[in-house]
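Read through the structure below, which is laid out as structure tokens, and then see the notes.
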Amino acid sequence: MNPYEIKEMIIDDGFDGEEFVTADFAYDAKRYSITFKKADLELVNSWIFEKETSLPANLSDEMIEVLRREVEQRI
């Protein structure tokens, strides 16, 4: 079983001529969002949602790679 669960995934095509993939997921009882460029799955940004605000998330390289692989499989 994964230590995280992707809740939602959005493919944004056409934003500024590029396509992006955003995955919202739960991890360690917290809500996160991570965005990759669709073409090469380069990390664009990641956020953690706390109370009524969002802050840049400090995800490990390992966690980013795990999420990148799952996003790639889903698209």
Side-chain angles (χ1 to χ4, degrees):
M1 181 172 177
N2 293 332
Y4 66 92
E5 179 183 359
I6 292 182
K7 302 284 189 176
E8 189 173 27
M9 202 167 93
I10 299 167
I11 298 174
D12 181 10
D13 55 352
F15 177 76
D16 199 26
E18 293 188 77
E19 293 182 333
F20 296 91
V21 178
T22 300
D24 294 337
F25 64 99
Y27 174 66
D28 200 23
K30 296 180 182 175
R31 294 182 316 122
Y32 292 84
S33 179
I34 190 165
T35 302
F36 298 101
K37 286 185 181 178
K38 185 179 175 194
D40 59 5
L41 295 177
E42 177 185 341
L43 178 66
V44 175
N45 60 45
S46 59
W47 300 95
I48 183 169
F49 301 102
E50 294 187 351
K51 298 182 184 178
E52 296 193 24
T53 190
S54 58
L55 302 166
N58 187 16
L59 299 171
S60 70
D61 290 341
E62 181 180 312
M63 184 65 181
I64 293 168
E65 278 304 311
V66 167
L67 290 162
R68 181 180 283 127
R69 284 193 300 268
E70 182 159 345
V71 165
E72 182 177 36
Q73 289 175 356
R74 289 183 179 213
I75 57 174

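For the atom pair CG (Leu59) and CD1 (Ile48), the distance works out to 8.0 Å, reported to the nearest 0.5 Å. Rounding to the nearest 0.5 Å places OG1 of Thr35 at 12.5 Å from CD of Glu42. Put simply, CZ on Arg74 and CZ on Arg69 are 14.0 Å apart, with the number rounded to the nearest 0.5 Å. Annotation: the span from Asp40 atom CG to Leu43 atom CG amounts to 10.5 Å, rounded to 0.5 Å. Taking CD of Gln73 as the start and CZ of Arg68 as the end, the distance is 13.5 Å to the nearest 0.5 Å. With rounding to the nearest 0.5 Å, the separation of CG in Leu41 from CG in Leu67 is 11.0 Å.
No side-chain donor-acceptor contact under 3.5 Å links Glu5 and Tyr27.
In terms of heavy-atom proximity, Val71 sits nearest to Ala23 at CG2-CB, 4.1 Å.
Shown are Phe49, Tyr4, Phe25; of these, the ring pair (Phe, Tyr, Trp, His ring centres under 6.0 Å) with Tyr32 is made only by Phe25.
Within 6.0 Å of CG on Asp61 lie no more than 12 heavy atoms contributed by other residues, nucleotides or ligands. Around CD of Glu72, the count of heavy atoms belonging to other residues, nucleotides or ligands within 6.0 Å does not exceed 12. Counting heavy-atom neighbours within 6.0 Å of Glu62 CD, excluding the residue itself, gives a total of 12 or less.
Side-chain atoms of Asp12 and Glu19, non-hydrogen and from C-beta on, never get closer than 4.5 Å to each other. Side-chain contact between Phe36 and Ile75 is absent, with no heavy atoms from C-beta onward closer than 4.5 Å. Side chains of Ile10 and Val21 form no contact here, defined as non-hydrogen atoms less than 4.5 Å apart. Proximity of Glu50 to Leu55: side-chain heavy atoms (C-beta onward) are separated by under 4.5 Å at one or more points. Contact of the Lys37 side chain with the Phe20 side chain is registered, since non-hydrogen atoms from C-beta on lie closer than 4.5 Å. Side chains of Lys38 and Ile11 form a contact here, defined as non-hydrogen atoms less than 4.5 Å apart.
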Report task. Under the side-chain contact (heavy atoms from CB on, under 4.5 Å) rule, what do Thr22 and Ser33 come out as? Steps first, then yes or no, please. Result -> CA-CA 7 Å; Thr22 300; Ser33 179; 3.3 Å; yes

